[in-house]
Amino acid sequence: MNKTLAPKMLKRLTLLPLMVVLVGHSAMANDNIVQTMIPGVPNIDAEAYIVIDYNSGKVLAEKNADARRDPASLTKMMTSYVIGQAVKAGKIHQDDMVTVGQDAWATGNPVFKGSSLMFLKPGDRVPVSQLTRGIVLQSGNDACVAMADYVAGSQETFVGLMNNYVKSLGLKNTHFQTVHGLDADGQYSSARDMALIGQALIRDVPDEYAIYHEKEFTFNNIRQMNRNGLLWDTSMNVDGIKTGHTDSAGFNLVASATEGQMRLISAVMGGHTYKGRETESKKLLTWGFRFFETISPIKAGKDFASEPVWFGDTDKAELGVNKDVYITVPRGRMKDLKASYVLDSGELHAPLQKNQVVGTINFQLDGKIIDKRPLMVLNAVPEGGFFSKIVDHIKLMFHHWFG
């Protein structure tokens, strides 16, 4: 049973100066300390938005981030993610030749009239690498259909794959009905979920994400430019991600930028003008970079603490984390953060498995716990021999008696 250590056990906890971290859903949220350090979020002219740190996942600011809205061509981020996963798994390859079917022909498909296209024709044989660029850079609805047929055999089956990834990524307010994002009953997403899809693209399929920074693509002598105008903004290092627009969705943009080792992702949905979505996204990204920073105070596999272990073949268990810990903090409060740990029970008994969770690392500011990570066993500790366990039993008995 999990329990907090008794007060006499707390004296064994280690406090390390680290950094202060922001908690809550917004820079305007409940933490009074943070409020005194960071100016308010700029006024954003959009129905919904969010900005998160890529590495830590911390939400820096948000408005209506869970409201369900028409995603428009932001849908293609998930289409691209499914394709990237198929390439990564070796199910398809970039140089595979895809034969374009009748259902991907805009002339024969009235729903595509007036929408973004790669201008494919039935019978065209086009490599996966070009169709992917048609999706990402030209926002080609016809390219989405061609790739859906190739990857999954039909659009319907491909949409099923998209929604399977919605579940596996833990998205709460997203459901897809199309492979391209044109408005459809029962299709919706949210600013938060779109930011998380962007995070997954960067993390899980980096080769696919690398396409998003390309500024133009030419197919059949038709040159089209990437619709993400922030790629041309020399004041920022934007390398993605995707725009979208329909009359019901408004103007959408998910953008990602880096500054040093820090990466932010913003999602603006329901913007009111074509250029406005870029202006508002830039506001969010600039604000985030100016007033926050992200570091990794604890590295995977590195000792954070050690604790006595009873009945094992060693006297100590080395404890830490199995993934680098990232903390996003207001700039300038680094020196004020402390870290401590609490065991789930007062003692560690062998056997202990590698990566077994035995407690919690607490990040604290001014005595308040503001973030947590699981504390894990770094190296397995097998049971000791018969006589050593007898000795430990006697030692532990005296330990319980005399503290």
Exercise. Once you round to the nearest 0.5 Å, how far does CG of D142 lie from OG of S116?
Worked result: 9.5 Å
Exercise. Quick one: do D207 and K88 make a salt bridge, cutoff under 4.0 Å?
Worked result: no
Problem set entry | More than 12 heavy atoms from other groups under 6.0 Å of NZ on K302 | no
For this session: Would you kindly say whether T294 and T328 are connected by a side-chain donor-acceptor distance under 3.5 Å?
Result: yes
Problem set entry | Minimum heavy-atom distance K63-I44, with the two atoms named | NZ-O, 4.4 Å
Exercise. Does atom CG of D95 have more than 12 heavy-atom neighbours, drawn from other residues, nucleotides or ligands, at distances under 6.0 Å?
Worked result: yes
Exercise. Does a sphere of radius 6.0 Å around CD in E156 hold more than 12 heavy atoms from other residues, nucleotides or ligands, not counting ones at 6.0 Å or beyond?
Worked result: no
For this session: Quick one: list whatever passes ring pair (Phe, Tyr, Trp, His ring centres under 6.0 Å) with Y212, sequence neighbours left out.
Result: Y209
Exercise. Do NZ/NE/NH1/NH2 and the carboxylate oxygens of R290 and E259 come within less than 4.0 Å?
Worked result: yes
Exercise. Taking C-beta and beyond as the side chain, do I361 and F304 meet within less than 4.5 Å on heavy atoms?
Worked result: yes
Exercise. If we ignore angles and hydrogens, is there a donor and acceptor under 3.5 Å between the side chains of D324 and S296?
Worked result: no
For this session: Compare every heavy atom of Q85 with every heavy atom of D204, then report the nearest pair and how far apart it is.
Result: CB-NE2, 4.0 Å
Exercise. Do Y165 and Y81 pass the ring pair (Phe, Tyr, Trp, His ring centres under 6.0 Å) test, and can you show the C-alpha distance, the side-chain angles, and the key distance before you say yes or no?
Worked result: CA-CA 9 Å; Y165 280 116; Y81 184 80; 5.1 Å; yes
Exercise. Any idea which heavy atoms bring Q261 and N55 closest together, and the distance?
Worked result: O-ND2, 3.9 Å
Exercise. How far does CZ of F217 sit from CD1 of I222, to the nearest 0.5 angstrom?
Worked result: 10.5 Å
Exercise. Does the side chain of T132 come under 3.5 Å of the side chain of S129 through a donor N or O and an acceptor N or O?
Worked result: no
Exercise. Under 3.5 Å, is there a donor-acceptor pair between the S139 and K242 side chains?
Worked result: yes
Exercise. Between V254 and I265, is any pair of side-chain heavy atoms under 4.5 Å apart?
Worked result: yes
Problem set entry | Distance in Å, E280 CD paired with T273 OG1, rounded so as to fall on 0.5 Å steps | 7.5 Å
Exercise. Taking only residues two or more places apart in sequence or in another chain, which ones pass side-chain hydrogen bond (donor to acceptor under 3.5 Å, both in side chains) with R68?
Worked result: N173, Y188
Exercise. Name the one of H272, K282, H245 that satisfies side-chain contact (heavy atoms from CB on, under 4.5 Å) with R277?
Worked result: H245
Exercise. Any chance CD of Q94 has more than 12 other-residue heavy atoms, nucleotides or ligands included, within less than 6.0 Å?
Worked result: yes
For this session: Please name all residues satisfying ring pair (Phe, Tyr, Trp, His ring centres under 6.0 Å) with F112, sequence neighbours left out, ordered by chain then number.
Result: H180
For this session: Identify the heavy atoms of R227 and Q138 that sit nearest to each other, and give their distance.
Result: NH1-O, 2.8 Å
Problem set entry | Polar side chain donor-acceptor pair, T174 to S189, under 3.5 angstrom | yes
Problem set entry | Cationic N near anionic O, under 4.0 Å, K316 to E307 | no
Exercise. Going from CZ on F292 to CG on L264, what distance comes out if it is rounded to the nearest 0.5 angstrom?
Worked result: 9.5 Å
Problem set entry | Validation row: I241, M77 side chains within 4.5 angstrom (heavy atoms) | yes
For this session: Could you tell me whether H175 atom NE2 has more than 12 heavy atoms of other residues or ligands within 6.0 Å of it?
Result: yes
For this session: Sort out for me which residue in N237, T258, D239 forms a side-chain hydrogen bond (donor to acceptor under 3.5 Å, both in side chains) with R263.
Result: D239
Exercise. Between F291 and W287, what is the ring plane arrangement, given parallel below 30°, perpendicular above 60°, and tilted in between?
Worked result: tilted
Problem set entry | Worked check of side-chain hydrogen bond (donor to acceptor under 3.5 Å, both in side chains) between T246 and D183 | CA-CA 7 Å; T246 63; D183 293 342; 3.0 Å; yes
Problem set entry | Nearest atoms (heavy-atom pairs only) where M236 meets A257 | CE-CB, 4.4 Å
For this session: Can you measure from CG (D149) to CD (Q102) and round to the nearest 0.5 angstrom?
Result: 11.5 Å
For this session: Measure the OG1-CG distance between T279 and D45 for me, rounded to the nearest 0.5 Å.
Result: 9.5 Å
Exercise. Closest approach of V59 and R192, non-hydrogen atoms and distance?
Worked result: CG2-NH1, 3.7 Å
Problem set entry | S73 and K76: side chain donor to acceptor below 3.5 Å | yes
Problem set entry | D96 and Y150: side chain donor to acceptor below 3.5 Å | yes
